[in-house]
Amino acid sequence: MFAVPGSAFAPGDTIIATLENRSDRMLGYNLCLAALEQQTPSDWQPVPRHSPEFFCPLSVNPLGPGESDTLMQLVREEFPAGSYRFRTEIVWLLDDNQRFEVTTGSFSLE
């Protein structure tokens, strides 16, 4: 499960998204690489989350059954108002290494 508690945020707020492993298998993930996406009339478009000099390690972190981790995102002034979500990839570890994309529900930036 990938979720954001709350439905509306303003510049200066911090959005906290939680990735929770509700399965009985080990997951792999990297929330640093999660995408922030804004809804457009036709689809979801990525919005840069980090400054250009920010570095995300390309590691895969393990997340055991019942464990969770959080992503924290400051709402910057330059984020336009609209509907957003986070998207990230998870992989089943120690099994078939099958990859899946998961998204949070949408939330508004004002």
Side-chain angles (χ1 to χ4, degrees):
M1 176 179 190
F2 196 26
V4 171
S7 59
F9 302 91
D13 289 346
T14 298
I15 303 168
I16 299 173
T18 301
L19 179 65
E20 182 179 2
N21 183 354
R22 293 188 176 177
S23 77
D24 60 356
R25 299 170 17 174
M26 183 72 72
L27 295 179
Y29 72 102
N30 185 338
L31 291 179
C32 186
L33 299 174
L36 176 63
E37 299 177 324
Q38 183 179 25
Q39 190 171 29
T40 67
S42 60
D43 60 3
W44 292 88
Q45 290 295 315
V47 174
R49 288 184 46 218
H50 306 294
S51 62
E53 60 276 351
F54 188 85
F55 174 76
C56 279
L58 297 178
S59 60
V60 175
N61 305 305
L63 192 66
E67 294 181 337
S68 63
D69 197 5
T70 56
L71 172 156
M72 295 175 58
Q73 176 67 53
L74 177 66
V75 179
R76 299 193 313 258
E77 293 284 341
E78 61 265 24
F79 290 167
S83 184
Y84 288 78
R85 70 179 183 184
F86 288 105
R87 178 180 44 80
T88 196
E89 184 177 85
I90 60 171
V91 59
W92 295 118
L93 296 178
L94 309 174
D95 196 359
D96 54 8
N97 286 332
Q98 194 171 18
R99 297 178 180 275
F100 298 90
E101 285 192 346
V102 293
T103 61
T104 64
S106 64
F107 51 89
S108 296
L109 298 187
E110 302 169 343

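Between F9 and F107, the ring-plane angle classifies as perpendicular under the 30° and 60° cut-offs. The aromatic rings of W92 and F100 lie perpendicular to each other, with more than 60° between the two planes, well past the 30° mark.
A distance-only check finds no donor-acceptor pair linking the side chain of E89 to the backbone of N30 [under 3.5 Å]. Judged by distance alone, with hydrogens and angles left aside, the side-chain atoms of N21 form no donor-acceptor pair with the main-chain N or O of E67 at under 3.5 Å.
Side-chain heavy atoms closer than 4.5 Å link hydrophobic residues (I, L, V, M, F, W, Y) into clusters, and following such links, possibly through other members, connects V102 to V4.
Contact record, A81 with E110: CB-C, 4.2 Å, taken as the closest heavy-atom pair. Of all the heavy atoms in A17 and F86, the pair that sits closest is CB-CD1, 3.9 Å. Here the shortest heavy-atom pairing between S23 and P65 reads O-CB, 3.2 Å.
For the atom pair OH (Y84) and OG (S108), the distance works out to 10.0 Å, reported to the nearest 0.5 Å. With rounding to the nearest 0.5 Å, the separation of CD in E20 from CE in M1 is 7.0 Å. Atom CD of residue Q45 and atom CG of residue L36 lie 12.0 Å apart, to the nearest 0.5 angstrom. Going from atom SG of C56 over to atom CG of L31 covers 10.0 Å, rounded to the nearest 0.5 Å. Between the OG1 atom of T104 and the CD atom of E37 there is a distance of 9.0 Å, given to the nearest 0.5 Å.
For the side chain to side chain contact (heavy atoms under 4.5 Å, CB included) criterion with F2, the lone passing option out of L19, T103, T18 is L19. The residue from N61, D69, T88 that alone fulfils the side-chain hydrogen bond (donor to acceptor under 3.5 Å, both in side chains) condition with Y29 is D69.
Looking at Q39 and S106, their side chains never come closer than 4.5 Å, going by heavy atoms from C-beta outward.
With sequence neighbours excluded, no residue forms a salt bridge (Lys or Arg N to Asp or Glu O under 4.0 Å) with R49.
Cation-pi geometry between R87 and W44 is not met at under 6.0 angstrom from the ring centre and within 45 degrees of the axis.
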Legend entry - Residue pair V75, I15: steps toward the side-chain contact (heavy atoms from CB on, under 4.5 Å) verdict: CA-CA 7 Å; V75 179; I15 303 168; 3.6 Å; yes
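Here I16 sits in one hydrophobic cluster together with M72; the rule is ILVMFWY side chains under 4.5 Å apart, joined directly or through other members.
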